[in-house]
Amino acid sequence: VIGTLDLDFVAINNNLDSLAMDAARGEGETLDTLAAMWGVNEQDKAKFAQTTKDNYSSIFASDSTTATEVLENLNQVISGDSQLAAYSLS
């Protein structure tokens with residue numbers, strides 16, 4: 001059985017460059033897909049996108065940031081946001 005964490009990793013790993021571009025802009029198909037896979041409700045998707053944009057440099061800490069690091073960093077950012085904390089992965 002593949003868990004949510006595994007699915008999110010696969011989505012990030014297969015689309016890392018596209019996700020980085022979308023995250024920097026705070027919008028885009030890859031970011032929307034990740035939010036849906038992450039389980040973010042429709043009413044929180046704009047906040048998810050904006051939070052990703054606002055924390056881009058923490059999520060994508062360097063040009064060599066791996067998919068695993070992106071997943072961990074994004075989860076940490078989400079966990080620290082009062083509106084999005086309910087979506088943090090365990």
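These numbers come from the heavy atoms of this one structure, side chains and all, not from hydrogens, waters or symmetry mates.
- Other residues, nucleotides and ligands place more than 12 heavy atoms under 6.0 Å from the CD atom of Q43.
- Using a 4.5 Å heavy-atom cutoff, the side chains of F48 and D44 are not in contact.
- Side-chain N or O atoms of S18 include none that pairs as donor or acceptor with a backbone N or O of N15 at under 3.5 Å.
- Listed by first then second residue, pairs satisfying salt bridge (charged side-chain N to carboxylate O under 4.0 Å, His left out) with a partner in residues 49-60 number zero, not counting sequence neighbours.
- Atom CG of L74 is separated from atom CG of L89 by 8.0 Å, given to the nearest 0.5 angstrom.
- Counted by atom type alone, T66 and T68 present zero donor-acceptor pairs between their side chains at under 3.5 Å.
- For the residue pair T65 and L16, the shortest heavy atom distance occurs at O-CD2, 3.6 Å.
- A side chain to side chain donor-acceptor pair (under 3.5 Å) check over residues 72-82, counting only residues at least two apart or in different chains, returns the pairs K47-D81.
- In this structure, F60 and A23 approach most closely via the heavy-atom pair CE1-CB, 3.7 Å.
- Annotation for S64 and E69: closest pair O-OE1, 4.1 Å, computed over non-hydrogen atoms.
- Between W38 and L71 there is a side-chain heavy-atom pair separated by less than 4.5 Å.
- A heavy-atom distance below 4.5 Å is not found between the side chains of T51 and I78.
- Considering OG1 of T30 and CG of L19, their distance stands at 6.5 Å, rounded to 0.5 Å.
- Considering every non-hydrogen atom in both L31 and E27, the closest pair reads CD2-N, 3.8 Å.
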